[in-house]
Asker: 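Structure incoming, see below.
This one's a predicted model, so the numbers in the text were calculated from it and none came from an experiment.
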Protein chains: 2
Amino acid sequence: MPGDGTDRSELKAGAEVQKRSRPVAVADAIKDWVVSQGLRGGDRLPGEAEMMERFGRSKGTIREAMRILEAQGLVKTRTGPGGGSFVHEVSGERARALLGNYFYFRDLTLHDIYSLRRMMEPELAASLAGKLREDQLATLEEIAERYRHPATTAEEERAQHVASLLFHQRLAGYAENELLGFIIGFMAQILTDMTVYRKLYDPPNVELWSKGRAYQLQLIEALRDGDAVRARLVMSDHMATAEALMEAQEAEILKGFMSA
Amino acid sequence: MPGDGTDRSELKAGAEVQKRSRPVAVADAIKDWVVSQGLRGGDRLPGEAEMMERFGRSKGTIREAMRILEAQGLVKTRTGPGGGSFVHEVSGERARALLGNYFYFRDLTLHDIYSLRRMMEPELAASLAGKLREDQLATLEEIAERYRHPATTAEEERAQHVASLLFHQRLAGYAENELLGFIIGFMAQILTDMTVYRKLYDPPNVELWSKGRAYQLQLIEALRDGDAVRARLVMSDHMATAEALMEAQEAEILKGFMSA
DNA sequence: TAAGATTTGTTCGTATGTATC
DNA sequence: GGATACATACGAACAAATCTT
């Protein structure tokens, strides 16, 4: 976790190091110290008292610095004896949330997201063919089971929609290439948020579900058979139809707005 | 910027809302309040005093909460009259840094990264054909100019290597699809970090540069001509050779280690 | 169960720094 | 330069959580 890129300086490195508002600077200093000590996830940091000494700052400032690191997901803190702050490996969930904050201000379209899904998901599927354990395949099957029958209420419809995205999230979690897995998982999360908050599930779309689930079952089969080519193809088709249907769904909603 | 996903609760939503360590909870409350007020980037938040009243917490706690939001890149704060805290749209730089923290603990291989670059960069190139303004093309040309001549020192070699990644970063910044642009920019940043800190530039590789620069110049030409097909093809070749050369470079370094 | 030890969490009062007018 | 309006920082006391005995 090298220099946080908080300052815009690219050249004037050595010059004025301690210009930024204190707690941020202290947080960076702590970060550097942790790295220099070679601390790993789970290792314990010094207590507040020692920090105050080591960095020559008051308790409040040290605490603000720790909050910064905590907000970034880099440390966890517990009270009580044996408590204190501990180096923490940033969780995928946390990373997705933080990145979500960035995209909160940009408005991604369904098209933006599906452009990427169309490139990436098929590759993920292919890379996983023959590589999943039986319990992982079973997990996927269990999820697909949740939307075996068409939903009867809007609430159920929503839950099923979310579950089908969970299918992709789980699949992403099995990726060997963690960068690929993270991005796909992140997109699944964005789509989940969009689904819920833009009510993309609302006019229930029976076609989407029967088709979508059929593709997912075919995919599981291909993965179990170790058929990479087929897995890629199935996922590719799945993405293409999903995009078309989602965008139709979106259009449907807009129509609803206009006629209202 | 909905629920930060800090807690692992998926179901017990309404139950015990204020269990987490206080400042984090206050930060979340402020976040929710900002959203509920519909505040946008640049809008001003209440001063510390008013915050203390509104959230019923003392100055110290409010400050810690603000630090959390600041660390996430969601607010900026200034001192002085007319100062205070302001909603801030998370910058790309900040988002990349935060995401970098996540991957700091996972070790991505060059192969992981290039698998993605091979899929994405060609699509980016194609999507930009005929879409760039002359000044943007000029910027790219200026960057390519920086490594026109082979480097003579290791220091220069490093700078050129970094600059050639900057070429891709800039290109990513021009993307219409912001998700695509962000990911490509992020990968360029990771590669920059790897280059510098694993000294991937060290045994200067003349071949890499002459080839790489040639591809980039061809790419600019194709972009200027609005030739999407050619842009995609050139970038595709560029990525393939870059990966091969980078991995050879990495192997070279390992050899150096072993014989040392 | 209860007491005590340990470590973070929270508050308040005060003083200092900094940018604008 | 001085007044003003803000954030920034410090220190001491007290509260809460959690582990041990």
Asker: Rounded off to whole Å, could you give me the CZ-to-P distance for the F55(A) and dC10(D) pair?
Answerer: 14 Å

Asker: Would you mind reading off the distance between E70(A) atom CD and dT8(C) atom P, rounded to a whole angstrom?
Answerer: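 Between P of dT8(C) and CD of E70(A): 12 Å.
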
Asker: Taking only the side-chain nitrogens and oxygens of T61(B), find out if one of them lies under 4.0 Å from OP1 or OP2 of dC12(C).
Answerer: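 So the side chain of T61(B) is outside the cut-off, no N or O lying under 4.0 Å from OP1 or OP2 of dC12(C).
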
Asker: May I ask you to evaluate whether R67(A) reaches the phosphate of dG9(C), defined as a side-chain N or O under 4.0 Å from OP1 or OP2?
Answerer: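 Looking at the OP1 and OP2 atoms of dG9(C), one of them is under 4.0 Å from a side-chain N or O of R67(A).
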
Asker: Please tell me which of the listed nucleotides, dT20(C), dT6(C), dG9(C), lies nearest to the side chain of P81(B)?
Answerer: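 It is dT20(C).
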
Asker: Would you say the side chain of K59(B) and the base of dT8(D) hold a donor-acceptor pair, judged only by whether the two atoms sit under 3.5 Å apart?
Answerer: no

Asker: By nearest nucleotide on DNA chain D, pick out whichever of R78(A) and G60(A) is the more 5' one.
Answerer: G60(A)

Asker: In whole angstrom, give the distance that lies between atom CE of M52(A) and atom C1' of dG9(C).
Answerer: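 These atoms are roughly 14 Å apart.
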
Asker: Within the pair S58(B) and dT11(C), is there a side-chain N or O less than 4.0 Å away from OP1 or OP2?
Answerer: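 Yes, because at least one side-chain N or O of S58(B) sits under 4.0 Å from OP1 or OP2 of dT11(C).
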
Asker: Could you state the CD-C1' distance from E53(A) to dT7(C), rounded to the nearest angstrom?
Answerer: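 These atoms are roughly 16 Å apart.
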
Asker: Out of E157(A), Q216(A), Q160(A), which one pairs with Y147(A) under the side-chain hydrogen bond (donor to acceptor under 3.5 Å, both in side chains) rule?
Answerer: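 The residue from E157(A), Q216(A), Q160(A) that satisfies side-chain hydrogen bond (donor to acceptor under 3.5 Å, both in side chains) with Y147(A) turns out to be Q216(A).
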
Asker: If you count the non-hydrogen atoms of other residues, nucleotides and ligands that lie under 6.0 Å from CD in E53(A), is the total more than 12?
Answerer: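 No, not enclosed.
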
Asker: Can you tell me if the side-chain N/O atoms of R63(B) get under 4.0 Å from OP1 or OP2 in dA9(D)?
Answerer: yes

